[in-house]
Protein chains: 2
Amino acid sequence: MGRPTILDVAERAGVSKSLVSLVMRHSPHVSEEKRSAVLEAARELGYRPNAVARSLVRQRSYVLGVMLSNLHNPFFADVVDGIEERSLATGYRALFNSGKRVPQREAAALETLLELQTDGLILAGTLLDSKTIEKAGSSVPVALIARATRSSIVDSVSGDDRAGARMAVEHLHSLGHQHIAHIDGGRGAGARRRRSGYEAAMRKHGLEPMVVTGSYTEEGGARGVRQLLDDGRRPTAIFAANDLAALGALQALSESDHSVPDDVSLMGYDNAWLAGLQHISLTTVDQPRHQLGATAVELLIERLDEGRTEPRHVVLTPTLVVRATTGPPAGGL
Amino acid sequence: MGRPTILDVAERAGVSKSLVSLVMRHSPHVSEEKRSAVLEAARELGYRPNAVARSLVRQRSYVLGVMLSNLHNPFFADVVDGIEERSLATGYRALFNSGKRVPQREAAALETLLELQTDGLILAGTLLDSKTIEKAGSSVPVALIARATRSSIVDSVSGDDRAGARMAVEHLHSLGHQHIAHIDGGRGAGARRRRSGYEAAMRKHGLEPMVVTGSYTEEGGARGVRQLLDDGRRPTAIFAANDLAALGALQALSESDHSVPDDVSLMGYDNAWLAGLQHISLTTVDQPRHQLGATAVELLIERLDEGRTEPRHVVLTPTLVVRATTGPPAGGL
DNA sequence: GACGGGGCTTGGAACGTTCCACAACACCTC
DNA sequence: GAGGTGTTGTGGAACGTTCCAAGCCCCGTC
């Protein structure tokens, strides 16, 4: 015989299964006597409510599914903190998955979460195409993190990437830089907006945009620098699409004997915790990571418990964080 | 009406629910004709199997629950990779949780996973006491990662922390260091063994152990260095309990104007990816992180699908990784 | 002393699957 | 043409809960 069920507890306590159910759900309409009898029996048997059976009949699991694009990006660790805290506070629990930045893997992870009947879905930094996302959104509330969308079906919360990119350019420009390269985030969430914000800000100051393709990974940043070197471009400053890419760029720059910021200035994006490490001390654009996560949960709850049906798209404002990797222009690459 | 069920599909395809079930599970005993009719109906309705109902009746969820002690520690990102890869390959899916290094939170996360009827449980770097762990282990297979145990109930896979600590001491000793401090990992998983491995190795070389309390976090490492300074201890080398703590130590050292390795040598433990960053380039002890995760999954599967019942405790051997933060002894703190 | 009402308790139906035993049918063999 | 064999398809029970309608009992009221 397997795990004890509500029936076993009922029998042992000499009551009906319904009463056990009531006790387990802290109903006030139970006599003190029976309550303690049930609790006692449950303790003795080591009874634990079966959430699977419960969610089958209630048609509600009180679980929020979270698909993380990339566990290695410390940016998401903070986002997850926000998600867990907020969902715990509202009576839900969060369960995670990861798609490892591979669309096919992400689709599988999404499907898993869907089959498990999670009440709501958070896609953090997903690479999935909007058709797939909207299809998911049509069967369960979905909130996107860090991937702006104009979808009329799913919600989203993201930083204002265009504004953040503008801040980066403006910071570098105010230091005197004219040749500012951007290593973009490729197909990464929000990368297009950061890129276009960069381009717009450059043009606004009469500067020529200089973009190479990268990604939201160290490898992407390193590749970007190598590309810049191969092309013989001579930026005096580099704005990488995120902190991880900036780290990769830092790596590649020191391999090619360029010092930061003495030869080249370098900026990242996100202000993930490692940007603040003294030995890195990266100038970057801060995203309210914790709040990004918390807001996504709230968006879901508005739909789940408050009946909202029109989509909401929340945009949070980033802030500039100046540290040690930027300075006045010098030799450049 | 909500999501379509197997009954809706059956009706639309003009067959019984049982047949639909067979098709969905790729049974070979279905005529081509009916199979395609069912598939077609399912597609039209947007049917998706309900994993909740399925696992209720099968008494199996094919989900492995993973409780992560600390998502901010990059060590776990690699472990998770190993878990996801191995479980995908064996027909299971992994779902994560985090306990944020707070025993009470961890207990709640564990309980959640238990109630959701996951088929097996992986506790990665948990701070939970063994009584709680064994209780969980008595109702579902449990595998511990990075927390050695002699439990006769749960399985475990961990690095040989004593040996790793010895390697660290021996490396520093071979460079000529005599005054080697250890900032320990407090109550962290495996911390006690690293500490005792350090102490044993020190004694073996006729050296006096010098231990201060820390934790597996940056904050713990920084606090350890400050403690060392306050106490007026003058180590020429510091061995931190893990890479994160080493990073915190690095931080505190540069705040107190000590340069690494010119004044003090510094070592970490884990070889998490950030240890390899050129700008950090931490000498450390490598743990086979990916394999730690993969092995935990295998241990669970042995119990689940192969009927093993006696416990197994796998110990993997760490290796020394020499980078730039260690050198010959100099002024010290 | 019948009636009504409230607090506590109960059994049965339902949730969406899988599993099992069996039915239906075709085909082969003697 | 009766009997066996094998392949495909079916309905009902079961999984462990929650929900609902209804029952029981006690008490107060007229």
Side-chain angles (χ1 to χ4, degrees), chain A residues 1-39 41-42 45-63 91 112 114-119 139-140, chain B residues 1-39 41-42 45-63 91 112 114-119 139-140:
Chain A
M1 88 138 247
R3 318 276 321 280
T5 75
I6 206 170
L7 251 34
D8 301 318
V9 177
E11 186 180 11
R12 174 154 201 137
V15 300
S16 73
K17 62 180 180 13
S18 305
L19 188 60
V20 176
S21 173
L22 288 173
V23 171
M24 287 303 152
R25 288 176 287 141
H26 307 110
S27 160
H29 306 275
V30 176
S31 68
E32 211 30 72
E33 182 197 8
K34 303 255 171 172
R35 175 191 310 284
S36 52
V38 167
L39 256 18
L45 292 173
Y47 169 74
R48 181 171 4 246
N50 182 330
V52 166
R54 173 179 296 181
S55 61
L56 181 60
V57 56
R58 307 217 5 210
Q59 303 281 75
R60 251 335 184 78
S61 61
Y62 291 93
V63 170
T112 293
L114 250 17
E115 289 182 3
L116 289 171
Q117 312 294 117
T118 52
D119 289 345
S139 67
V140 72
Chain B
M1 87 138 248
R3 317 278 320 281
T5 77
I6 206 171
L7 253 35
D8 301 317
V9 177
E11 186 179 12
R12 175 153 199 139
V15 300
S16 74
K17 61 180 180 16
S18 305
L19 217 231
V20 176
S21 174
L22 289 173
V23 172
M24 287 303 152
R25 288 176 289 141
H26 308 108
S27 160
H29 305 273
V30 176
S31 69
E32 211 31 73
E33 183 196 8
K34 302 254 173 171
R35 175 191 309 283
S36 52
V38 168
L39 256 17
L45 292 173
Y47 170 76
R48 179 169 9 244
N50 183 331
V52 167
R54 174 178 297 182
S55 60
L56 182 60
V57 55
R58 304 211 16 205
Q59 303 283 73
R60 255 330 189 80
S61 62
Y62 291 94
V63 169
T112 293
L114 250 17
E115 289 183 1
L116 288 171
Q117 313 292 117
T118 51
D119 289 344
S139 68
V140 73

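The chains referred to below are lettered A, B, ... by the order of the sequence lines, with proteins before strands, and numbering in each begins at 1.
- Partners of B/L45 by side chain to side chain contact (heavy atoms under 4.5 Å, CB included), not counting sequence neighbours, listed by chain and number: B/P4, B/D8, B/V9, B/R12.
- Every side chain to side chain donor-acceptor pair (under 3.5 Å) that A/R60 has, sequence neighbours left out, goes to A/Y92, A/D305.
- Side-chain nitrogen and oxygen atoms of A/S31 include none within less than 4.0 Å of the OP1 or OP2 phosphate oxygen of C/dG7.
- Applying the side chain to side chain contact (heavy atoms under 4.5 Å, CB included) criterion to A/V63, with sequence neighbours excluded, gives A/S61, A/R93, A/L95, A/T118, B/L116.
- Annotation: salt bridge (charged side-chain N to carboxylate O under 4.0 Å, His left out) contacts involving residues 46-55 of chain B, sequence neighbours excluded, comprise A/E111-B/R48.
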Between the protein and nucleotides 22-24 of chain D, list the N/O to N/O atom pairs that are separated by less than 3.5 angstrom.
none

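- Atoms CZ (B/R60) and P (C/dC19) sit 12 Å apart, rounded to a whole Å.
- For the helix from C/dG1-D/dC30 to C/dC30-D/dG1, the terminal axes (five pairs an end, C1' atoms, rotation from four pairs onto the next four) enclose an angle of 60°, given to 10 degrees.
- For CD of A/E11, the number of neighbouring non-hydrogen atoms (other residues, nucleotides, ligands) closer than 6.0 Å is 12 at most.
- In this structure, B/R35 has no side chain to side chain donor-acceptor pair (under 3.5 Å) partners at least two apart in sequence or on a different chain.
- Partners of B/N50 according to the side chain to side chain donor-acceptor pair (under 3.5 Å) rule, which considers only residues two or more places apart in sequence or in another chain, do not exist here.
- The side chain to side chain contact (heavy atoms under 4.5 Å, CB included) search around A/S18 returns A/S16, not counting sequence neighbours.
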Contact letters for nucleotides 10-21 of chain D, in which S counts primed atoms plus P, OP1 and OP2 and B counts the base, heavy atoms under 4.0 Å: BBB--BBBBB--

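- Considering only residues two or more places apart in sequence or on other chains, A/Y47 meets the ring-ring contact (aromatic ring centres under 6.0 Å, His included) condition with none of them.
- Applying the side chain to side chain donor-acceptor pair (under 3.5 Å) rule to A/S21 yields the partners A/R25; only residues at least two apart in sequence or on another chain are considered.
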